[in-house]
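The block underneath contains the structure these notes are about, expressed in structure tokens.
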Amino acid sequence: MKIQTIATQPFNDQKPGTSGLRKKVKIFQQPHYLENFVQSIFHIASPIAGQLLVVGGDGRYYNKQAIQIILKMAAAQGVAKILVGQNGLLSTPAVSALIRKQKAAGGLILSASHNPGGPDEDFGIKFNIQNGGPAPTSFTEAVYKYSNNISSYKILETADIDLNTLGPSKMGDMQIEVVDPVSNYAALMAHLFDFNRIKSMFDSGFSMRFDAMHAITGPYAVEILENVLGAAPGTVINAVPLEDFGGGHPDPNLKHAHELVKLLSGNSAHSFGAASDGDGDRNMILGQNFFVTPSDSLAIMAANAHLLPGYKNGLSGVARSMPTSTAVDKVAEKLGIECYETPTGWKFFGNLLDDNKITLCGEESFGSGSDHVREKDGLWAVLFWLNLLAIKKQSVSRIVTEHWARFGRNYYCRHDYEAIDSQVANDLMQYLLQSLSELQGQTFNNYTIEMCDDFSYTDPVDNSISDHQGIRLLFSDGSRIVYRLSGTGTEGATLRVYIEKFEPEVSLQSGETQQVLADLIEIANNIAQIHTRTGRTDPDVIT
Ligand code: VG1
Ligand code: CO
């Protein structure tokens with residue numbers, strides 16, 4: 001067993017996006033590719049010798065091989081101990097929880113989240129710091145810079161470790177402990193929510209379906225929902241994690257979780273439906289024939305959190321990413337607490353949570369979470385809703401419509417144009433930037449632009465500045481249009497257009513979202529010349 005120093009050359013393309021480095025599996029499989037990036041992380045995270053780390057992934061194709069490489073590289077760096085999920089599995093929120101519980105120096109999560117998996121699909125790596133959250137931009141920028149100049153990496157020459165068997169082992173001088181991926185996380189959930197109450201709801205015949213989409217939350221949901229809370233066997237569908245997620249996109253939205261949507265439609269036997277994504281940090285919430293937008297879900301959580309054991313003392317504040325609807329702002333106003341507006345990506349919530357400025361936060365992209373970890377947390381959101389349903393004894397649609405009646409309704413949708421030519425996408429954003437001063441004050445079909453800008457965020461804790469986080473058009477009636485380019489895609493560029501309109505007075509039978517937003521959608525398309533520039537007449541995904 002010997003530490004080898006391997007000569008390498010930079011790839012110059014290892015720039016982490018919104019959530020870690022994401023590329024096609026074939027790119028990660030190139031000789032030295034993964035190693036270069038991992039060495040760069042270890043270098044920037046140093047001193048890493050003598051430390052405790054956590055490693056796990058969502059089980060996608062290349063997860064197992066990547067973990068063995070990472071273990072051997074960590075051993076070569078002198079890392080003291082690594083906790084690895086059994087079979088290399090750990091959800092993103094479970095990694096975050098383990099880092100915090102075990103006071104680890106950080107963790108590596110192998111996942112490309114909601115992107116498809118398999119030999120021709122996507123792989124990814126994220127590094128989380130000791131608060132359990134995604135590394136901040138300053139860290140990932142430093143990693144990128146180092147990776148552009150890397151000339152060698154260190155790796156221990158040794159056999160692979162058995163990731164199947166729970167318990168301790170050794171690789172060189174480094175201790176390895178293969179841990180049950182679920183238990184620590186399940187204990188944390190039991191502490192936050194009223195499990196007895198949820199259990200009696202299931203005991204009295206409450207029926208739900210949870211779609212794990214053949215991704216990481218399968219084992220977590222089976223244990224917590226079926227084994228602990230007593231939901232009927234079969235409550236969790238697509239429960240076994242597969243390397244290719246059964247060929248689907250493990251993305252919990254109306255398009256990709258169509259099986260679940262079908263189960264909750266018509267004269268459904270189920271009162272509640274939920275799904276999570278590849279790495280377990282996203283959630284979709286459904287009632288019978290009813291879809292809860294993630295922005296509404298966040299607002300409803302904020303309005304009701306005090307009813308739940310983990311949040312009985314109320315919220316210190318809330319935060320949402322900029323494109324997320326302003327529904328939660330309305331709740332914060334009523335509660336008299338601060339609402340922060342951050343750029344897209346969970347890393348921007350870390351400082352606010354650490355500093356106790358906020359308790360709850362979320363994004364329009366099916367992500368919500370609280371100060372219990374430093375990641376968004378899919379199953380946590382599902383348990384939050386279950387606890388709420390058990391307390392309120394009302395249907396999902398009733399809870400949401402009553403919320404609208406109290407706070408007004410933010411009609412909201414996002415249009416994604418995927419895999420468009422990068423040049424076309426950049427030109428479109430450039431064009432919008434140049435049009436900003438001209439757009440100010442203009443009226444389109446009764447909607448007047450009151451303010452528009454290129455969103456910039458100053459972190460209230462460390463004063464770091466993040467520029468170019470999306471273009472916002474704010475209308476005088478409170479409506480908003482936001483444009484930004486995705487930082488998680490692996491093919492060309494993805495343009496995201498976010499459209500929102502606030503209706504203060506809502507009757508229980510309000511219009512369909514796409515109809516209510518039709519004028520604004522047209523304005524959004526015209527202002528950015530989306531159809532002529534991209535050649536697309538319709539978005540690929542509407543959420
Ligand atoms: C998307 C979402 C963003 C989310 C990110 C990571 O980023 O819009 O809200 O934080 O994915 O989520 P982008 O840059 O593609 O819009 V996950 O579940 O992929 O870790
Ligand atoms: Co995810």
Side-chain angles (χ1 to χ4, degrees), residues 15-22 56-60 90-96 109-117 122-128 133-135 137 140 212-213 215-217 220 245 249-253 256-257 275-284 293-295 298 319-325 341-350 361-369 373-381 413-420 425 429 455 466 468-470 482-498 539-541 543:
K15 190 177 171 65
T18 314
S19 183
L21 182 68
R22 256 173 228 185
D58 64 8
R60 68 178 59 227
L90 275 171
S91 76
T92 287
V95 169
S96 189
I109 305 171
L110 310 177
S111 170
S113 189
H114 54 292
N115 296 19
D122 294 352
F123 191 74
I125 294 202
K126 307 186 266 192
F127 182 74
N128 283 26
T137 313
T140 54
M213 305 188 86
I216 191 68
T217 47
Y220 293 83
F245 307 117
H249 284 237
D251 195 354
N253 59 38
H256 295 303
S276 191
D277 71 331
D279 61 330
D281 55 1
R282 297 187 176 205
N283 73 89
M284 177 170 73
T293 72
S295 297
L298 174 65
R320 61 163 171 85
S321 67
M322 182 273 279
T324 303
S325 101
E341 183 176 43
T342 59
T344 295
W346 211 260
K347 61 186 168 199
F348 294 103
F349 295 132
C361 47
E363 297 190 275
E364 50 66 41
S365 53
F366 299 84
S368 40
V373 286
R374 292 293 178 274
E375 286 279 3
K376 55 185 183 277
D377 189 343
L379 208 47
W380 167 87
C413 77
R414 181 177 106 183
H415 286 196
D416 292 339
Y417 297 83
E418 293 175 346
I420 55 180
M429 291 303 283
F455 182 60
S466 304
H468 309 302
Q469 298 297 323
V482 174
Y483 305 88
R484 58 179 287 279
L485 297 183
S486 154
T488 57
T490 56
E491 253 177 272
T494 294
L495 170 68
R496 304 204 196 284
V497 187
Y498 311 79
D540 298 276
V541 185
T543 45

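Counting convention: from 1, in listed order, for ligands and their atoms alike.
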- prompt: If you count the atoms of ligand 1 from 1 in the order shown, which ones are under 4.0 Å from a heavy atom of Ser19?
  reply: 6 (C), 20 (O)
- request: Using side-chain hydrogen bond (donor to acceptor under 3.5 Å, both in side chains) as the criterion, list what pairs up with Arg374, not counting sequence neighbours.
  value: Asp354
message: Under 3.5 Å between any N/O of Leu485 and any N/O of ligand 1: does that happen in this structure?
response: no
statement: One should read off an interatomic distance between His256 NE2 and Thr543 OG1, to the nearest 0.5 angstrom, of 9.5 Å
field: Derivation and outcome, side chain to side chain contact (heavy atoms under 4.5 Å, CB included), residues Lys376 and Phe349
entry: CA-CA 10 Å; Lys376 55 185 183 277; Phe349 295 132; over 6 Å; no
- request: List the steps and the verdict of side chain to side chain contact (heavy atoms under 4.5 Å, CB included) for Ser113 and Arg22.
  value: CA-CA 9 Å; Ser113 189; Arg22 256 173 228 185; 3.4 Å; yes
query: What residue and heavy atom of the protein are closest to atom 12 (O) of ligand 1, and at what distance?
result: Lys376 NZ, 2.8 Å
field: Atom indices of ligand 1 within 4.0 angstrom of Arg496 heavy atoms, with elements
entry: 8 (O), 13 (P), 15 (O), 16 (O)
Element-labelled atoms of ligand 1 that are located less than 4.0 Å from some non-hydrogen atom of Asp277: 18 (O)
- request: Check ligand 1 against Gly345 and write out every atom of the ligand that is under 4.0 Å from a heavy-atom position of the residue.
  value: 10 (O)
message: Are the side chains of Arg484 and Tyr498 in contact, using a 4.5 Å heavy-atom criterion?
response: yes
query: With a 4.5 Å heavy-atom cut-off, do Phe245 and Pro116 have their side chains touching?
result: no
- prompt: Is there a side-chain contact between Leu495 and Met429, using heavy atoms and a 4.5 Å cut-off?
  reply: yes
Option set Glu364, Arg282, Glu363, criterion heavy-atom distance to atom 1 (C) of ligand 1, minimum: Arg282
message: Just to check, does Ser321 reach to within less than 4.0 Å of ligand 1 when the distance is taken from its heavy atoms?
response: no
field: Exercise: do Ser96 and Asn128 side chains pair donor with acceptor under 3.5 Å
entry: no
field: Interatomic spacing from CZ in Phe366 to OG in Ser276 - rounded to 0.5 Å
entry: 11.5 Å
task: Show which atoms of ligand 1 fall inside a sub-4.0 Å distance from at least one heavy-atom site of Thr344.
output: 3 (C), 8 (O), 9 (O)
task: Could you tell me which atoms of ligand 1, counted from 1 in the order shown, lie closer than 4.0 angstrom to a heavy atom of Ser365?
output: 2 (C), 3 (C), 4 (C), 8 (O), 9 (O)
- prompt: Would you call Arg414 a ligand 1 contact, heavy-atom distance under 4.0 Å?
  reply: yes
- request: Salt-bridge test for Arg320 and Glu341: reply yes if a basic N is under 4.0 Å from a carboxylate O, no otherwise.
  value: yes
- prompt: Of all the non-hydrogen atoms in the protein, which one sits nearest to atom 7 (O) of ligand 1, and at what distance?
  reply: Thr488 CG2, 3.5 Å
field: Nearest non-hydrogen protein atom, atom 19 (O) of ligand 1
entry: Ser113 OG, 2.7 Å
- prompt: Are Arg282 and Asp251 ion-paired here, with the side-chain N under 4.0 Å from a carboxylate O?
  reply: yes
message: If I take atom CG from residue Asp416 and atom CZ from residue Arg496, how far apart are they, to the nearest 0.5 angstrom?
response: 4.5 Å
- request: With the Co ion (ligand 2) as the centre, enumerate protein N/O/S atoms below 2.8 Å in chain and residue order.
  value: Ser113 OG, Asp277 OD2, Asp279 OD1, Asp281 OD1
task: Walk me through it: do Lys126 and Thr92 pass the test side chain to side chain donor-acceptor pair (under 3.5 Å)?
output: CA-CA 9 Å; Lys126 307 186 266 192; Thr92 287; 3.0 Å; yes
field: Interatomic distance, Ile216 atom CD1 to Ser111 atom OG [nearest 0.5 angstrom]
entry: 8.5 Å
- request: Could you tell me which atoms of ligand 1, counted from 1 in the order shown, lie closer than 4.0 angstrom to a heavy atom of His114?
  value: 19 (O)
- line: The atoms of ligand 1 lying under 4.0 Å from a heavy atom of Asp281, numbered in the order shown, are 17 (V), 18 (O), 20 (O)
message: Using heavy atoms and a 4.0 Å limit, tell me yes or no: is Arg22 in contact with ligand 1?
response: yes
